[in-house]
Structures are given as C-alpha cells and as structure tokens.
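Report on the following structure.
Counting from 1, the numbers follow the sequence of the chain as shown. Just so we're clear, the structure is a prediction, and the values are computed from it rather than from any experiment. Whatever order the structure lists them in is the order used to number ligands and atoms, beginning at 1.
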Amino acid sequence: MDNCIFCKIVRGEIPSRKVYEDELVFAFHDIHPQRPTHILVIPRKHITSLAQVTPEDEPVLGRMLAVSQQLAAAHGSTDGFRNIINTGRVGMQEVPHLHMHIVGGPDPVGPMLKKL
Ligand code: AMP
Ligand code: ZN
C-alpha cells in the first residue's frame with residue numbers, strides 16, 4: 001500500500017523507534033504513548049484491520065500475540081500488560097493498517113472501558 005503510514009514505517013520511509021522485527025511483524029513505540037509502555041505491533045504486510053483478515057493471516061496474528069511478553073518486559077512492563085486492537089468505525093481505529101497496542105508500565109493500566 002503506497003500511501004499507508006504504517007507500510008511506510010515498515011519500509012523505513014518514515015522514521016520510527018523500532019523495538020523488534022522479524023519476517024512477519026514489526027514493532028515500534030507509539031508516537032503518543034498513553035502509558036509508560038506503549039508499543040505497536042503490526043504485520044509487515046498490509047492488512048487493513050481485523051475485519052479483513054483471512055485464514056492465511058493466522059500465522060502473523062499468532063506472532064503478534066506471541067511477541068507481546070518479551071516486548072512488554074523489555075520496555076518497562078514486567079508484571080503484566082494489556083493488548084488492544086481497535087477495528088473499524090465502532091472500534092475507533094485511526095490508522096487503517098492492522099496494529100496491536102501493548103500498553104503497561106509499573107502500575108495497573110486502569111479499567112478496560114469507561115462506563116457509558
Ligand atoms: P488506533 O486508534 O488504534 O488506530 O491507534 C493508532 C495509533 O498510532 C495511535 O496511538 C497513534 O499515536 C499511533 N501513531 C500514529 N502515527 C504514528 C507514527 N508515525 N509512529 C508511531 N505511532 C503512530
Ligand atoms: Zn499498510
């Protein structure tokens with residue numbers, strides 16, 4: 001995807017604070033961290049959101065989860081963390097390239113959602 005900001009980050013065309021990459025995923029610090037630990041893990045290949053995944057994407061989805069512990073622990077969240085994936089309009093996804101937030105730090109991150 002030529003104009004996708006996260007595809008550009010994977011290709012190195014936009015700078016990022018990379019923390020990890022392998023053949024399936026790329027991870028970097030969120031530019032506006034909401035907790036002391038705030039990392040984004042994305043597929044190297046463009047997938048718009050969880051609403052567009054296919055069975056062939058299962059390995060990359062598994063890898064996104066499987067790298068969470070090591071990345072959280074290495075970046076200040078040694079006693080647990082939270083994974084968040086926002087999808088589409090209702091999920092209030094802002095960047096249309098699938099990404100998983102890993103948030104945490106020394107203290108609990110707070111309630112899952114604000115009450116309506
Ligand atoms: P979401 O609301 O789930 O789509 O989250 C998008 C996230 O991407 C936000 O937390 C932004 O701060 C983050 N973000 C947007 N642009 C960049 C960028 N160039 N580098 C790092 N994080 C970014
Ligand atoms: Zn993309």
The closest protein heavy-atom partner of atom 4 (O) of ligand 1 is Glu94 N, 2.6 Å
- Under 3.5 Å donor-acceptor, Gln93 side chain and Gly88 backbone: yes
Check: Is a donor on one side and an acceptor on the other found under 3.5 Å between the side chain of Arg44 and the backbone of Asp22?
Finding: yes
protein heavy-atom neighbour closest to atom 21 (C) of ligand 1 works out as Ile31 N, 3.3 Å
So is Ile85 touching ligand 1 or not, going by heavy atoms under 4.0 Å?
no
Under 4.0 Å from one or more heavy atoms of Met92, ligand 1 contributes atoms 2 (O)
TODO: Check the pair Ser68 / Met100 against side chain to side chain contact (heavy atoms under 4.5 Å, CB included), numbers first and verdict last.
DONE: CA-CA 9 Å; Ser68 298; Met100 181 184 73; 3.4 Å; yes
Of all heavy-atom pairs linking Pro43 and His97, the shortest is O-NE2, 2.9 Å
Taking only non-hydrogen atoms of Leu40 and a 4.0 Å limit, the atoms of ligand 1 in range are 8 (O), 13 (C), 22 (N)
How are the rings of Phe6 and Phe28 set relative to one another: parallel (under 30°), tilted (30 to 60°) or perpendicular (over 60°)? perpendicular
Under 4.0 Å from one or more heavy atoms of Phe28, ligand 1 contributes atoms 20 (N), 21 (C), 22 (N)
- Taking Gln70 for its side chain and Val67 for its backbone only, find out whether a donor-acceptor pair lies under 3.5 Å. no
One finds that the ligand 1 atoms under 4.0 Å from a non-hydrogen atom of Asn86 are 1 (P), 2 (O), 3 (O)
Is the closest side-chain heavy-atom distance between Arg82 and Val103 below 4.5 Å? yes
If we number the atoms of ligand 1 from 1 as shown, the ones under 4.0 Å from a heavy atom of His99 are 1 (P), 3 (O), 4 (O), 5 (O), 6 (C)
- Touching ligand 1 at all, Gln34? Heavy atoms, strictly under 4.0 Å? no
Per-atom filter on ligand 1: closer than 4.0 angstrom to a heavy atom of His29 are 21 (C)
Non-hydrogen atoms of Arg17 versus ligand 1: any pair closer than 4.0 Å?
-> no
Looking only at heavy atoms, the pair that brings His29 and Val19 closest together is NE2-CG1, 3.3 Å
| Is it true that atom CG of Asn83 has more than 12 heavy atoms of other residues, nucleotides or ligands lying nearer than 6.0 Å? | yes
Of all N, O or S atoms in His97, the one closest to the Zn ion (ligand 2) is ND1
closest protein heavy atom to atom 13 (C) of ligand 1 is Asp30 OD2, 3.3 Å
Under 4.0 Å between heavy atoms, the region of Ile9 that gets near ligand 1 turns out to be side chain
At the Zn ion (ligand 2), SG of Cys7 and SG of Cys4 open up to roughly (10° bins) 120°
Numbered in order shown, the ligand 1 atoms found under 4.0 Å of a heavy atom of His32 are 12 (O)
The atoms of ligand 1 lying under 4.0 Å from a heavy atom of Gln93, numbered in the order shown, are 4 (O)
Taking every heavy atom of Leu71 against every heavy atom of Ile39, the minimum-distance pair comes out as O-CD1, 3.8 Å
Among N, O or S atoms, His46 approaches the Zn ion (ligand 2) most closely through ND1
Between Val41 and the options Met64, Arg63, His99, the side chain to side chain contact (heavy atoms under 4.5 Å, CB included) test singles out Met64
